[in-house]
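Working notes, beginning with the structure itself.
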Amino acid sequence: MSDCIFCKIISGDIPSAKVYEDDKIFAFKDINPQAAVHFLVVPKTHIGSADEVDEANSDCVAHIFKKIPVIAKSVGIKNGYRVITNCGPDACQSVKHLHFHVLGGEQLSEKMA
Ligand code: DGP
């Protein structure tokens, strides 16, 4: 999508600190980290949010969850991590391209909201 920030990051039109890339997904450090380690994993195909995951596009979500442990280890996460996806206004989703936050590298709060 031409006006999507994450599509522009995937294409390289907007620079990012890439931590992983393959033919289906792209992972990069969050510009506003909320933990010692905080990266985002996104499908290369534009999907607006978790609300738009369906039979036709869910393969990339399974792929993301297969790769998250690999990426987490590669960036030095050793003792667990949290995966979050914000979906829609009540969850304060600010970028309308499906993305999974991966937070770790330190003890996280017990609270999620
Ligand atoms: P969310 O609120 O779940 O939609 O989170 C969007 C995240 O995307 C937020 O933590 C900040 C991050 N972000 C927004 N714009 C950019 C950008 O241009 N570069 C990077 N690296 N991260 C961005």
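In each ligand, atom 1 is the first atom listed, and ligand 1 is the first ligand listed. Heavy atoms only: backbone and side chains are in, while hydrogens, waters and symmetry mates are out.
At least one side-chain heavy atom of Cys4 sits under 4.5 Å from a side-chain heavy atom of His46.
You'll find the ring centres of His99 and His101 inside the 6.0 Å limit.
In terms of the salt bridge (charged side-chain N to carboxylate O under 4.0 Å, His left out) criterion, residue partners of Lys44 (sequence neighbours excluded) are, by chain and number, Glu21. With sequence neighbours excluded, the residues satisfying side chain to side chain donor-acceptor pair (under 3.5 Å) with Tyr20 are Asp22.
Between the side chain of Asp54 and the main chain of Asn57, a donor-acceptor pair closer than 3.5 Å is present.
Among pairs with a residue in residues 5-17, none fulfils salt bridge (charged side-chain N to carboxylate O under 4.0 Å, His left out), at least two apart in sequence or across chains.
Ligand 1 lies under 4.0 Å from heavy atoms of Ile5, Phe6, Ile9, Phe28, Lys29, Asp30, Ile31, Leu40, Asn86, Cys92, Gln93, Ser94, Val95, His99, His101.
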